[in-house]
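The structure appears right after this line, and notes come after that.
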Protein chains: 2
Amino acid sequence: MEQNTLPLNDLYAPEKRIYVATDCIIFGFDKGILKLLVFERRVDPFKGTLSLIGSFVKPNEAANDAARRVLNEITGLDNIFMEELKTYSDVERDPGARCISIAHYALIRIDDYDKELVEKHGAIWYEFDKLPKLVLDHDIMIEDALSRLRRKAKFYPIGFELLPKKFTIPQFQKLYEAIFQQTLDTRNFRKKLMSLKLLIALDEKDKSGSKKGAFLYKFDYKKYKRLQQKGFNFSLFKN
Amino acid sequence: MEQNTLPLNDLYAPEKRIYVATDCIIFGFDKGILKLLVFERRVDPFKGTLSLIGSFVKPNEAANDAARRVLNEITGLDNIFMEELKTYSDVERDPGARCISIAHYALIRIDDYDKELVEKHGAIWYEFDKLPKLVLDHDIMIEDALSRLRRKAKFYPIGFELLPKKFTIPQFQKLYEAIFQQTLDTRNFRKKLMSLKLLIALDEKDKSGSKKGAFLYKFDYKKYKRLQQKGFNFSLFKN
DNA sequence: CCAAAAGTGTTCTTCGTACACCCATGT
DNA sequence: ACATGGGTGTACGAAGAACACTTTTGG
């Protein structure tokens, strides 16, 4: 058979290969509103329609590297919180060709990104609730990403990835209210958050939100990592 | 360029395609012990070494259909609990060729499967703690699957998928003890479980475990589905 | 009658939740 | 001086955690 004569990097020749892509659901949080970064699709079919940011996975890169590459190309950002969401592999999902997409979601500090770069690529921040219909199955990806974000934010301190490194408690509460679409009691929220002892109090105030100003905090990642290894569970809600 | 002459089912021609496979981490639970179904790899490289059950994803099937297909081929089972775990896409993960694998994990009632079929394919149940080294990155997949199973079993009633449809409370507790590798207090476990009111008490006893015999129960899936839609949270543990 | 597993209640502590007022400051 | 958002404490009820004995029955 021809199989034995093939080089070691293709022993599976009779099998069919498939296009593999990645799409990124990029969350941001600005002025109390949860936002999503989308842009205009660069390839046919549906060239020009609104789409998540994505790319084909190249032969020499892993899927998460592809996702980081495309995120960096468009925002100029590195070291972003990003996680695999799930794979979308319906046979009919993309009329352009049989193509699976390994979706990733990312959380970015909305003021950090390179605005010029974003504009150059025609990227747009949409309020989450005001998103138009996107191309292919991207709407489903977004729904899935939101429920993942909700689940994750209950048990892991990922909300901080959406806030500036220095943030106030009211800001943090507003973020949770935006993610979970419900209002929370100020006193209980603060008490619970403080009881975790994972915030580092700073001697600065942020006066942009009120005349009195609110104290700024930093999240203590190192302490969290240590506690996590001992089985500690970050959790702001019971349910 | 040749691109414009291509049929609509391949508009991405300059991009490279990649082999897409799926591997299944199949959990079972037998006599108080968590087990995993593995078998001997059917293709080169490493033909004959122990491996998870897998297959290439064909051009005309979704990844989860491929996973169900291969699970059915080997166990004869349909309608199994199965979920996508994650994608493994390191460039170097498979020396046979550039190939990504979309891993799935499945929970099966260990007495349900077709034993002949399993034997015919050279499949073997291994105790989870006594697994030898498997091929490629399958060891990592297994670790990931176990932590997913743990996380999921805390908040969703998936443990029942590993037990016979009729089961006893002590059986169920042993399952949780096996999954979480810790002993649990009988009284508190039973109290918590019963307070959920999701078990249907039967008038039968299972006497295989003791002389006294333990009452059998069924899980009330319909009720659970209803409650879940109202935001109910199945949870046997706080942490 | 005894070994072996099934089944059951109470107390204490912790945590969640509901709820209302004073504080600091810029205009 | 006042409007605006920031910050704080207490009391009640629910749920988790610790803990030991009785019941059943086959051999």
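Below, read A as the first sequence line, B as the second, and so on, with proteins coming before strands; counting in each chain starts at 1.
- Atom CZ in B/Phe172 sits roughly 15 Å away from atom P in C/dA6 (whole-Å rounding).
- Both tests do not hold together for A/Lys230 against A/Phe232: distance to the six-membered ring centre under 6.0 Å, angle to the ring axis within 45°.
- Between A/Asn233 atom CG and D/dG16 atom P there is a gap of 15 Å when expressed in whole angstrom units.
- For the OP1/OP2 pair of C/dG16 and a distance below 4.0 Å, the side-chain nitrogens and oxygens of A/Lys192 include at least one atom meeting the criterion.
- For B/Arg187, the side-chain atoms get nearest to D/dA20 when compared with the rest of D/dG6, D/dA20, C/dC19.
- Ring geometry, B/Phe172 versus B/Phe167: the interplanar angle falls from 30° to 60°, so the pair is classed tilted.
- At whole-Å resolution of the value, CG in A/Asp185 and P in C/dC21 are 15 Å apart.
- A/Leu236 has its CG atom 14 Å from the P atom of C/dC15, to the nearest Å.
- A salt bridge does not link A/Glu119 with A/Lys115: none of the charged nitrogens is closer than 4.0 Å to a carboxylate oxygen.
- An OP1 or OP2 oxygen of D/dG7 is reached within less than 4.0 angstrom by a side-chain nitrogen or oxygen of A/Arg190.
- Whole-Å rounding puts the A/Leu184 CG to C/dG16 P distance at 13 Å.
- With a 6.0 Å cutoff to the six-membered ring centre and a 45° limit on the axis angle, B/Lys86 counts as a cation-pi contact of B/Tyr88.
- Nearest-nucleotide mapping onto DNA chain D: of A/Lys211 and B/Lys191, the residue sitting toward the 5' end is A/Lys211.
- As rounded to whole Å, 18 Å separates atom P of C/dC15 from atom CE of A/Met194.
- For the pair B/Lys152 and B/Phe155, the cation-pi criterion (under 6.0 Å, within 45° of the ring axis) is not fulfilled.
- Toward the 5′ end of DNA chain D lies the nearest nucleotide of A/Pro170, the other residue of the pair A/Asn188 and A/Pro170 mapping further downstream.
- If A/Gly213 and A/Thr186 are placed on DNA chain C by their nearest nucleotide, the residue sitting closer to the 5' end is A/Thr186.
- For the pair B/Lys207 and D/dG26, the criterion of a side-chain N or O lying under 4.0 Å from OP1 or OP2 is met.
- A/Lys205 places its NZ atom 15 Å from the P atom of D/dG5, with the value rounded to the nearest Å.
- For C/dA6, its base sits under 3.5 Å from the side chain of B/Lys212 at one donor and acceptor pair at least.
- When rounded to the nearest whole Å, the span between CD of B/Gln173 and C1' of C/dT8 equals 14 Å.
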